[in-house]
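To start, the structure under review is shown below, and the notes come after it.
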Amino acid sequence: MFLSVFDMFKVGIGPSSSHTMGPMVAAARFLDMMRASPFEFSGLRGSLHGSLAFTGVGHATDRATILGLAGFVPDTYDHERAEAALAGISETHSVTPEGLPTLQFDPKADLVFDYENNLPGHANGMVLMATDAQGDVILRQVYYSIGGGFVLTEEELAQGKATDEGAPVPFPFKSAVEMLDMAKTSGKSIAEMKRANEIARGCADSFAKGTARLWQVMNDCIERGLTTDGILPGGLNVRRRAKGIYDALMAERGMNLNAPHTINDWMSVYAMAVNEENAAGGQVVTAPTNGAAGVLPAVMRYYLDHVPGASENHIEDFMLTAAAIGGLVKYNASISGAEAGCQAEVGSAAAMAAAGLCAVMGGTPEQVENAAEIALEHHLGMTCDPVAGLVQVPCIERNGLGAIKAVSAASLALRGDGHHFVPLDAVIETMRQTGHDMHEKYKETSLGGLAVNVPNC
């Protein structure tokens with residue numbers, strides 16, 4: 001089993017990795033499929049199913065699909081170009097993606113939110129179709145957005161999650177037990193093993209540049225969030241709070257009467273800054289998802305700004321360790337809120353962040369595994385119930401609390417010797433079972449929980 005750092009952490013756009021980035025990626029893949037086909041195409045159609053339908057408007061799923069079919073991709077997304085493209089599509093009822101003819105596509109008629117028919121493979125399902133001059137469907141593909149921006153066709157999903165056709169890696173652990181055994185046998189840290197795996201699949205120089213870019217995008221996102229105020233889009237009239245909290249914290253710096261728990265406000269404000277940017281449709285990094293994108297950068301920023309002896313030289317080790325834990329969670333359970341609730345998103349993010357922080361603060365592999373276990377264990381059962389289907393309430397604050405839990409988990413693990421009662425593998429399996437048993441209305445459909453008990457206006 002191998003999942004790259006660049007699989008777990010992807011530059012994209014808000015507000016959702018599974019509901020915004022995923023559909024855009026799926027649309028791009030469908031265009032590639034069309035380009036490779038011998039057929040002559042005249043039009044496009046699509047349908048959104050399950051969670052993609054129920055919370056698609058709040059998550060801009062329709063907008064992302066339309067732009068994807070016009071040739072946009074998350075990594076190079078340009079907001080001004082996208083707005084111009086949407087206006088043109090609305091006027092002409094057509095798209096002209098590169099390498100294909102002008103294709104008839106009226107978003108209001110040709111992209112259907114199907115609330116009645118769920119697709120069998122995953123809660124986030126969509127169907128894309130291409131038609132001939134008579135309007136008959138001559139190419140069709142089902143896609144599943146499985147969380148964190150990962151997209152599979154129905155055929156790929158049927159092949160199984162273990163499919164990995166790349167070159168062998170030196171440390172192919174697929175469980176925490178295997179990871180610890182390999183660390184003990186090799187004498188390497190989790191980050192060192194993960195780095196060796198990454199280098200086996202690519203260039204060391206490009207890897208270093210890639211991780212540096214990821215941290216730059218994360219940190220830039222924090223900075224934008226800390227300096228921007230106003231009302232978030234979507235109709236709930238949620239006011240951005242990060243700037244006000246940050247300004248107050250800066251004004252209080254140097255005062256002798258600050259309570260020790262003020263440090264929690266710093267962790268929260270970093271995370272909230274990211275998730276307010278995400279809610280506004282800004283550029284973020286999946287970590288491992290958009291809905292949980294604030295936890296990891298908040299803990300990294302906390303480490304750099306508030307931990308004595310911290311160094312940016314350790315950020316790569318932080319990300320490598322976090323990606324190793326995220327890979328275990330994704331492989332053995334889920335990082336999708338639509339599949340397993342918010343325990344799979346903020347819970348996974350907290351486990352990853354706790355592991356990364358523990359590692360750069362000198363933790364052993366056993367302590368790192370313990371940190372991840374503590375953080376994930378205390379998110380078990382958390383539902384995904386966004387009010388009005390927007391990644392705002394309770395998602396923004398939830399990332400702040402996830403960051404606080406991550407730091408607490410790392411600190412507890414560092415106080416011990418790595419020996420503990422509940423293994424990480426058991427918590428990951430419990431999370432998977434809990435997600436399986438969780439009622440669908442608590443899994444990113446906005447049909448239960450806070451979503452129905454808080455007025456939407």
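- Remark: Arg239 pairs with no residue by the salt bridge (Lys or Arg N to Asp or Glu O under 4.0 Å) rule, at least two apart or across chains.
- Within 6.0 Å of the CZ atom in Arg224, the count of heavy atoms belonging to other residues, nucleotides or ligands exceeds 12.
- Distance alone, capped at 3.5 Å, is enough to place a donor-acceptor pair between the Lys443 side chain and the Glu339 backbone.
- In this structure, His306 and Tyr302 have parallel ring planes: the angle between them is below the 30° cut-off, well short of the 60° mark.
- In this structure, the ring pair (Phe, Tyr, Trp, His ring centres under 6.0 Å) partners of Tyr115, at least two apart in sequence or on a different chain, are Phe54.
- Ring geometry for Tyr144 versus His122: interplanar angle of 30 to 60°, hence tilted.
- For Asn278 and Asn275, the side-chain atoms include no donor-acceptor pair closer than 3.5 Å.
- For the residue pair Glu316/Thr211, the side-chain donor-acceptor check at 3.5 Å is satisfied.
- For Phe41, there are no ring pair (Phe, Tyr, Trp, His ring centres under 6.0 Å) partners, not counting sequence neighbours.
- Remark: the Asn332 side chain and the Arg432 side chain contain no N/O donor-acceptor pair separated by less than 3.5 Å.
- Judged purely by distance below 3.5 Å, without hydrogens or angles, the side chains of Ser94 and Gln104 never pair a donor atom with an acceptor atom.
- Between the Asp385 side chain and the Gly448 main chain, no donor and acceptor come within less than 3.5 Å of each other.
- Side-chain polar atoms of Asp220 and Gln216 form a donor-acceptor pair below 3.5 angstrom.
- Between the CZ atom in Arg140 and the CG atom in Leu128 there is a gap of 10.0 Å [rounded to 0.5 Å].
- Between the side chains of His19 and Asn124, a donor-acceptor pair is found at a separation under 3.5 Å.
- No more than 12 heavy atoms of other residues, nucleotides or ligands lie within 6.0 Å of CD in Glu91, so this atom counts as exposed by the packing criterion.
- With 3.5 Å as the limit, one finds no donor-acceptor pair spanning the side chains of Ser336 and Ser334.
- Partners of Asp205 according to the salt bridge (Lys or Arg N to Asp or Glu O under 4.0 Å) rule, which considers only residues two or more places apart in sequence or in another chain, are Lys209.
- In terms of heavy-atom proximity, Glu156 sits nearest to Leu152 at OE1-CA, 3.3 Å.
- Note on ring orientation: taking the six-membered ring where Trp is involved, the planes of Phe318 and Tyr303 are tilted (angle from 30° to 60°).
- Checked by atom type and distance alone, the side chain of Ser16 never pairs as donor or acceptor with a backbone atom of Val391 at under 3.5 Å.
- Heavy-atom contacts from other residues, nucleotides or ligands closer than 6.0 Å to CZ of Phe113 number more than 12.
- Not a single ring pair (Phe, Tyr, Trp, His ring centres under 6.0 Å) links Phe150 to another residue, sequence neighbours left out.
- Shortest non-hydrogen contact noted between Met431 and Ala333 is CE-CB, 4.0 Å.
- Under the side chain to side chain donor-acceptor pair (under 3.5 Å) criterion, no residue pair touches residues 127-138, with sequence neighbours excluded.
- Taking a 6.0 Å sphere around OH of Tyr442, one finds it holds 12 or fewer heavy atoms contributed by other residues, nucleotides or ligands.
- Side chains of His436 and Thr434: no donor on one and acceptor on the other come within 3.5 Å.
- Salt-bridge annotation for Asp75 and Arg213: present, with a side-chain N of the basic residue lying under 4.0 Å from a carboxylate O of the acidic one.
- The closest side-chain donor-acceptor pair between Thr96 and Thr102 falls under 3.5 angstrom.
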